[in-house]
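So that the names make sense, note that chain A is the first sequence line, chain B the second, and so on, each numbered from 1.
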Amino acid sequence: MKNGEQRIEFTLNGDKTSVTFPTFKTLLEVLREELNLTGTKHGCELGECGACAVLVDGKPVLSCLMLAVEADGTKVTTVEGLADDARLHPLQEAFADCGAAQCGYCTPGFLCTAKALLDKKPDANRREISEALAGNICRCTGYIQIFEAVEQAAAKMAVKK
Amino acid sequence: MAKRTLRVGYPGNYREIEVDSPDAEPAPWDADSKLAVVGKRSPRLEGADKVTGKAKYTADVKLQGMLVARVLRSPYARATARSIGLAKALKMPGVKAAIEVEKEARYHGQAIAAVAAETEAQAEDAVAAIEVDWAVGEHVVDVEAARKPNAPRVHGGKNPNERGGEAQNTATEEACVTALKKSHATVDITFTTPVVTHSCLESHGSVARWESDGSLTVWDSTQSIFGVRDGLARGFQLPAEKVRVVKEHMGGGFGSKLGMGQHSMIAARLAREAKAPVKLMLTRKEEHLAGGNRPSSVQRVRAGADKDGKLTCLWLQSHGTGGINGGANCAGPLMSLYNCPVRRLWHADVITNASPAAAFRAPGHVQGMFALESTMDELAGKLGLDPIEFRKRNDQNEMRQAEYGEGAKMAGWEARAHLPNSGGRHKARGLGVSASIWGGGGAPGAQARCVISRDGAVEIQCGTQDIGTGTRTIIAMIAAEELGLKPEQVLVKLGDTTLPFSHGSGGSMTAPSVTPAVRAATAAARGRVFEACAKSLKADADNLTAKGGNVVAKGGASIPWAEACSKIAGANVSEQATRAQNFRGYKDGTAGCQFAEVEVDLETGHVQVLRVVAVHDCGRVVNPLLAESQINGGIIQGLSYALLEQRILDDATGRMMNANFSDYRIAGPKEIPEISVVLFDVSNGRTNTGVMGIGEPPIVPTPAAIANAVAHAIGKRITDLPITPDKILAALGKK
């Protein structure tokens, strides 16, 4: 480990992972640049758009505002870790089916944020969905199809249970 | 040319016309065509890639030995760099190249120099180490200040800041004054709209790599791969075929990524200098400062109507600023939408020390429609006419006439009079309407190739780009329709300049330009498959059709698609087609209209849009799921423009004060109304597919419909966008 570098161990998408990186790097940068998980996106790097949202210990976190050193010992889930092997998460299926991913750039952040909501509140209504997603910006879809996708996923998950 | 009779029009109003279509092309689809794939809701083919993080954007490209670039931008709105010292920066750790870009800075954020280094942090440090000896000049960013005779000249010397004047073929002032004098009702209102930025989620960016043979490969977040290719070829004086531009997925463009951006040139120059690939992605702040914008407008509209509710005069005197560029004209709707005997346009672009404008979803039309349709409501009020009735009396477009009927029913227009008092305490509701108008008929020249292999695999190659709109999916649907297959069975290759040429994706042109070429190429390749398998079916190739995954002979004999393809001599058949000129069909442009219902909080001035009803036509709808998505997105961008967005420049420093997403707010999940979309299926007989574009039409009427709804709710008209709470309270006399 070079001077000015840091090593952390954490659970990334279910796998024990250790990574060494310059200490100043954000979780977003470490995910994308050191671990090659480019699903999580840069949008503003000021915590204003939600494109970089990931789950840290089950809670949605803007990875552009979190230093990677803070992730030591945590469980991090990115969009790459939402599917169960080859089986897509119901939210992923619904986003694809409903046309909720248009250009798709904001999609990973929306998926992670929506997963945190449904994990906590599986029967969330439209108002609760828009409240939970209020920190995520989409410039293409007009959000309607995103809301529909979250509702469709929730319905599917309720049937499964 | 073959003469073909087509049934064109819309449900309840069809007629037969004769068109000339190229002999080699399949018979154009019309109202009687029974299609199996086209017209069905079909999710995007790349949906799985986009929801798993597999979809690769320019920002995700990672190459061996790739460097990261950062740009030094002018902190001044007007300054000259007497010298740009790169020596110190070049000695910084990890720095591999540094270049000068421009010495004359004419706006805050203009690129001055750039650096490539091994890491982003190193590049940022090196940019900070560049030494510039600035001579700061005088700037002007306010549009009215820039018009004054003693204002600093933005482009120096004798170049005036104000450019333009009276439009050609326009009525004289005297004619307007006379017409207005004779009118039964007149209005004279000045409308203003702000500069707004595109705010694509993925910023502009490029990755450039020089190959060992001296050719250049660039991955670019662009709406126009061939535009970037040609720009780079010119910039480096290379033959076009020495430049390859690739774009698989991109995170939004909305017009700001048409043509080559300066960042592409900077990345390629740095890569050449450093002898290594270079990635340059703009930051959010740079995106606001230099990524393009929609020009502002100041529109004085004088209009009149007679006692029968017929327009007598439309007179627009306007100016606006697109920064150091022109392009602020917004007269399109006023000059084309309504019948009017006397029409006058005087417009000037005002040059200011602000970043250059770029095309932005329906350029000019969004600003212009806000002014025109606000004016129409005011005139209707003075005439005592229902706003829709007044519009219908002056609109000869039969599609829009029918669309008003559909929309009014869905929006509850009949009960409109009771709305203002139905919001409860401290709230007022209103319902407004606006027309839409746009072209979107597409252009000739787009090419596509269809390759069908002996194993039955089908590949469409087309050098267009899918900018998120679903181009990949509709190409597959068109080909699948021709071949009797499913869209998933068609592999679509696009986003690469080594493929057959296609235009940039702007002007709602992609679907109408590309689909006829795809259909013609696929039909030709299918013909070759029919020739190859005709013998096995004991039939003439002319008597074969492809449907349900089979090739079927007239008598009923059939073989599966893959078996038919196995009869191909050689590895495959390959046919290319070029999109023909539009036929003289039914209608040239698209119509459309929208209704907005709002609730205004009379205590806080907050406006919530409750519902939008959008009725739009775009010729043959290939995929309603994608078309609705475009409409929803256009409406929300229009809502955002009407209520939230504005770039704020500080007069004293010329700097942008809100170059982020906290201070430059765009509509988020909580601003979203209920949206009802009505797709008006029109058989237009203009090409072999009859498809038209829907990218731009849905943003055109939204701000006007919302403004009209607000005026209906509170009984006062806000003429200055965005309609923020302070303006509502001021209008209500509460501030």
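The minimum heavy-atom distance between Phe147(A) and Pro669(B), with the atom names listed, is CZ-O, 3.5 Å. The two residues Ile144(A) and Pro673(B) come nearest to each other via the heavy atoms CD1-O, 3.4 Å. Considering every non-hydrogen atom in both Pro43(B) and Ala96(A), the closest pair reads CB-O, 3.5 Å.
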Atom pairs, donor to acceptor, chain A/chain B, distance under 3.5 Å:
from, atom 1, to, atom 2, distance (Å)
Arg32(A), NH1, Asp60(B), OD1, 2.9
Arg32(A), NH2, Ala59(B), O, 2.9
Arg32(A), NH2, Asp60(B), OD1, 2.9
Glu33(A), O, Lys62(B), NZ, 2.8
Asn36(A), OD1, Lys62(B), NZ, 2.8
Thr38(A), OG1, Lys56(B), NZ, 3.1
Lys41(A), NZ, Asp60(B), OD1, 3.3
Lys41(A), NZ, Asp60(B), OD2, 2.4
Gly43(A), O, Arg284(B), NE, 2.9
Gly43(A), O, Arg284(B), NH2, 2.9
Glu48(A), OE1, Phe661(B), N, 2.7
Glu48(A), OE2, Ser662(B), N, 3.4
Glu48(A), OE2, Ser662(B), OG, 2.6
Gln92(A), NE2, Val51(B), O, 2.7
Ala101(A), O, Arg44(B), NH1, 3.4
Gln102(A), O, Lys50(B), NZ, 2.6
Gln102(A), OE1, Ser629(B), OG, 2.7
Gln102(A), NE2, Gln630(B), OE1, 3.3
Cys103(A), O, Tyr57(B), OH, 2.6
Gly104(A), O, Tyr57(B), OH, 3.4
Tyr105(A), N, Tyr57(B), OH, 3.4
Glu131(A), OE1, Lys670(B), NZ, 3.0
Glu131(A), OE2, Lys670(B), NZ, 3.4
Arg139(A), O, Gln637(B), NE2, 3.1
Arg139(A), NE, His198(B), O, 2.8
Arg139(A), NH1, Glu645(B), OE2, 2.8
Arg139(A), NH2, Thr197(B), O, 3.2
Arg139(A), NH2, His198(B), O, 3.2
Arg139(A), NH2, Glu645(B), OE1, 3.1
Arg139(A), NH2, Glu645(B), OE2, 3.4
Thr141(A), O, Gly633(B), N, 3.4
Tyr143(A), OH, Ala667(B), O, 2.7
Gln145(A), OE1, Ser629(B), OG, 3.1
Gln145(A), OE1, Asn632(B), ND2, 3.4
Gln145(A), NE2, Leu625(B), O, 3.4

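Using a 4.5 Å cut-off between heavy atoms, Ile672(B) contacts chain A through its side chain alone, with no backbone atom that close. If you measure heavy-atom distances from Leu133(A) to chain B, the contacts under 4.5 Å come from both the backbone and the side chain.
When each of Gly39(A), Cys103(A), Gly99(A) is scored by its heavy-atom pairs under 4.5 Å with chain B, the top score falls to Cys103(A). In terms of heavy-atom pairs under 4.5 Å with chain B, the best-connected choice from Ala83(A), Cys140(A), Cys106(A), Gly135(A) is Cys140(A). For chain B, the option among Leu46(A), Ile146(A), Leu91(A), Ile137(A) with the highest count of heavy-atom pairs below 4.5 Å is Ile137(A). Per-residue counts of heavy-atom pairs under 4.5 Å with chain B were compared for Pro22(A), Gly47(A), Pro108(A), Gly104(A); the largest is that of Gly104(A). The residue among Cys200(B), Ala667(B), Ala55(B) with the most heavy atom pairs within less than 4.5 Å of chain A is Ala667(B).
Counting heavy-atom neighbours within 6.0 Å of Lys120(A) NZ, excluding the residue itself, gives a total of 12 or less.
Here the straight-line distance linking atom SG of Cys98(A) with atom CG of Leu625(B) works out to 8.0 Å at 0.5 Å rounding. Here the straight-line distance linking atom CD1 of Ile636(B) with atom SG of Cys138(A) works out to 10.0 Å at 0.5 Å rounding.
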